[in-house]
Engineer: 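The structure's right below; bear with me while I get my questions together.
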Number of protein chains: 2
Amino acid sequence: MNARRPATLASLAAELGVSRTTVSNAYNRPDQLSPELRKRVLDTARRLGYPGPDPVARSLRTRKAGAVGLLLTENLSYAFRDPGAVVFLEGLALACEDAGHGLLLVPASPEREDVAAVHRAGVDGFVVYSVPDDDPHLAAVMERPVPVVICDQPNLESIDRVGIDDSHAIKTMAEHLINLGHRRIGVSCMRLARGRNDGIASVQRQANASFHVQKARLTALAEAFSEVGVDWEQVPVVERFDHTTASGASAVNQLLEMDPEITAVVCTSDILALGALDEVRERGRRVPEDLTITGFDGIVEAERAGLTTVRQPILEKGRAAGRLLLDTSEPGRPREVRLETQLVTGTTAASPRSVEERWFGF
Amino acid sequence: MNARRPATLASLAAELGVSRTTVSNAYNRPDQLSPELRKRVLDTARRLGYPGPDPVARSLRTRKAGAVGLLLTENLSYAFRDPGAVVFLEGLALACEDAGHGLLLVPASPEREDVAAVHRAGVDGFVVYSVPDDDPHLAAVMERPVPVVICDQPNLESIDRVGIDDSHAIKTMAEHLINLGHRRIGVSCMRLARGRNDGIASVQRQANASFHVQKARLTALAEAFSEVGVDWEQVPVVERFDHTTASGASAVNQLLEMDPEITAVVCTSDILALGALDEVRERGRRVPEDLTITGFDGIVEAERAGLTTVRQPILEKGRAAGRLLLDTSEPGRPREVRLETQLVTGTTAASPRSVEERWFGF
DNA sequence: TTGAAAGCGCTAACAG
DNA sequence: CTGTTAGCGCTTTCAA
């Protein structure tokens with residue numbers, strides 16, 4: 001049992017004294033041969049330990065792998081550590097499941113530039129989840145002669161895409177804060193480029209960001225606040241490479257150091273915001289009384305914490321990406337799915353208190 | 001760009017006037033040809049839109065897919081909804097990553113018996129995560145001539161395995177409860193067989209359970225409590241098919257209905273326990289004052305809730321499974337990795353109060 | 001219903 | 001350093 005390379009379709013056919021076609025049909029086209037013969041074939045197969053047609057050989061012949069490849073910026077394992085990514089995966093898995101396809105997670109470390117894994121992947125198409133414009137893995141994916149769907153970023157012409165209107169989404173948040181009276185803010189954002197930079201993100205760096213989504217959000221924030229007279233050049237923006245709550249914590253500290261007078265910290269993700277929230281409270285400041293903190297994504301952890309944030313339908317993004325990829329009818333590519341977002345008014349944003357209030361309490 | 005089936009290694013070779021070997025070497029053995037020639041090959045490839053060697057054809061030839069398959073009991077998407085499963089996946093992904101292998105999630109619904117996906121999977125081996133003894137998908141996996149590692153269950157001779165000592169683990173919990181003075185308990189457990197059964201699990205059903213892990217835990221509980229004079233036949237045990245907090249909630253209700261006098265509810269998973277915890281508190285009972293509730297697994301949500309539980313190293317299980325599978329040296333199979341567990345004394349278990357105390361408070 | 005012929009696209013000896 | 005020879009194991013017209 002479980003012997004190596006025991007029998008092939010050909011050897012089975014020989015053993016039975018029938019043609020390979022017949023054996024193949026026994027497995028793939030039951031209606032193409034008599035039930036008795038089929039049974040005989042299958043029985044003999046069992047006896048010989050023939051495990052059925054080799055999937056790789058079959059794939060080569062049929063040009064179908066029955067699997068979807070997923071490429072993401074991060075280490076494979078990261079996908080399971082980030083709540084947003086997990087939900088995206090769930091949605092994608094749902095779509096794959098429906099189509100009877102497997103989901104292949106392609107190992108693509110952001111550090112190591114090992115594109116080989118992309119070349120090795122036996123898949124019928126790729127879903128690319130939120131990678132930078134200049135990602136070499138993405139380039140490798142694009143070379144493969146299979147359909148590709150990109151989620152979130154980058155924003156390539158001629159490629160199917162699913163995402164949200166980041167600019168609009170964060171503007172609803174900006175307006176919310178502006179209406180509350182905030183004019184002096186700080187921004188905590190995610191990685192802006194492939195190179196690690198944990199610190200200030202200059203206006204220059206913001207403009208050159210290779211992560212389209214982050215760039216769009218920063219740009220929209222700048223626009224919205226500029227309109228009410230804020231000089232964006234003066235707004236402290238800090239960037240963190242790792243997407244963790246620890247990053248969120250250190251980022252908020254840096255912001256507060258750069259400008260202790262800020263009344264609100266806008267985070268471009270819930271993870272960063274949750275990290276900031278914990279840190280700030282731990283250091284004795286009250287949220288939202290002393291400081292407003294907002295997030296982006298709408299993950300369940302954020303909801304649980306009462307975070308004021310922007311909710312995007314992450315599960316739907318995954319599902320839509322999978323469907324788009326697996327949809328055989330091709331009604332004019334490139335296609336685009338743009339999902340709706342929604343401002344979630346939690347308990348971490350309030351009007352800034354006047355300086356007197358801050359010093360003297362109520 | 002992105003044209004269909006544009007060029008093959010052979011056509012490239014013809015175009016260049018060299019042999020296929022040379023082109024192959026250009027990709028796979030850079031040291032086997034002059035840098036100039038290699039460059040010429042690669043340049044021409046780019047010009048012709050040749051995407052590099054076809055991964056499937058290569059796999060067929062080399063008999064390596066560069067991916068490991070994962071089979072689990074549940075729908076693919078479930079894997080991302082269950083915190084324990086997510087952590088397991090993370091560990092497995094870590095191991096795959098290290099080896100540069102992809103991770104293929106094989107769609108295997110517990111309801112639909114579609115084994116085809118297992119046959120289609122182009123992988124170098126399978127990790128099987130916690131499936132019942134009689135799972136048809138498992139049977140299909142076993143037929144494939146590739147290495148297999150089983151995690152948790154079932155407990156097959158001749159197959160590499162990673163798991164914990166379930167019997168010992170839950171006994172530490174049983175002893176803890178017994179020491180606290182509990183003698184009248186109820187048990188909430190997970191699915192015992194492939195068929196859906198949301199309700200009482202008779203002693204008979206417990207004995208016939210096809211999920212080895214659950215069975216081991218129940219058996220060990222029965223032993224431990226029998227030793228102190230408890231008649232296991234009288235202990236209410238309820239089973240839930242879906243592994244959700246909602247199941248945990250309904251299960252605890254059913255237990256309390258069956259025997260309002262129980263002082264502790266032992267759950268065989270943290271998810272069930274957390275569901276029970278919420279439900280019981282919502283209905284006005286205090287935990288642990290009025291009722292003790294315990295879990296199993298040690299997921300972070302449990303820790304956060306202060307659940308008294310048994311922690312098992314889930315991440316390590318995933319990683320160990322991956323390593324075992326990918327470990328090329330084969331020092332005498334079948335091998336087994338047995339991980340340690342640890343009783344976590346949280347705040348949801350305490351000594352049962354006497355009846356008087358219950359009625360009259362302190 | 002069954003069989004014969006013709007590759008799918010590639011790599012791995014081995015010989016030059 | 002380069003080419004020749006032989007398949008990997010299967011499916012699929014097409015004809016019998």
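Proteins get letters first, then strands, A, B, ... in listed order; numbering begins at 1 in each.
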Engineer: Nearest to the side chain of A:D54, heavy atoms from C-beta on, is which of D:dG9, D:dT11, C:dT11?
Structural biologist: D:dG9
Engineer: Near A:R120 CZ, under 6.0 Å, is it more than 12 heavy atoms from other residues, nucleotides or ligands?
Structural biologist: no
Engineer: Kindly point out which of C:dT11, D:dT2, D:dG9 is positioned nearest to the side chain of A:T8?
Structural biologist: D:dG9
Engineer: Might you list the N or O atoms of the protein lying below 3.5 Å from N or O atoms in nucleotides 14-16 of chain D, with each pair's distance?
Structural biologist:
none

Engineer: Please identify which of these residues, B:K317, B:E316, B:R338, meets the side chain to side chain contact (heavy atoms under 4.5 Å, CB included) condition with B:V162.
Structural biologist: B:K317
Engineer: Can a donor-acceptor pair be found between the side chains of B:H212 and B:D133 at a distance below 3.5 Å?
Structural biologist: no
Engineer: Just checking, any donor-acceptor pair under 3.5 angstrom between side chains of B:S77 and A:E90?
Structural biologist: no
Engineer: All N/O contacts under 3.5 Å from nucleotides 4-7 of chain C to the protein, with atom names and distances to one decimal?
Structural biologist:
residue, atom, partner, partner atom, Å
C:dA4, N6, A:T21, OG1, 2.8
C:dA6, N6, A:R20, NH2, 3.1
C:dG7, N2, A:R61, NH1, 3.2

Engineer: Looking at residues at least two apart in the chain, or sitting in another chain, which of them share a ring-ring contact (aromatic ring centres under 6.0 Å, His included) with A:F88?
Structural biologist: A:Y129
Engineer: Please enumerate all residues that pass salt bridge (charged side-chain N to carboxylate O under 4.0 Å, His left out) together with B:E15, with sequence neighbours excluded.
Structural biologist: B:R47
Engineer: Partners of A:D98 by salt bridge (charged side-chain N to carboxylate O under 4.0 Å, His left out), sequence neighbours excluded?
Structural biologist: none
Engineer: Please confirm whether the backbone N or O of B:G322 pairs with a side-chain atom of B:H101, one donor and one acceptor, at under 3.5 Å?
Structural biologist: no
Engineer: Among residues 25-39 of chain A, which residues get a heavy atom nearer than 4.0 Å to DNA chain D?
Structural biologist: A:N28, A:R29
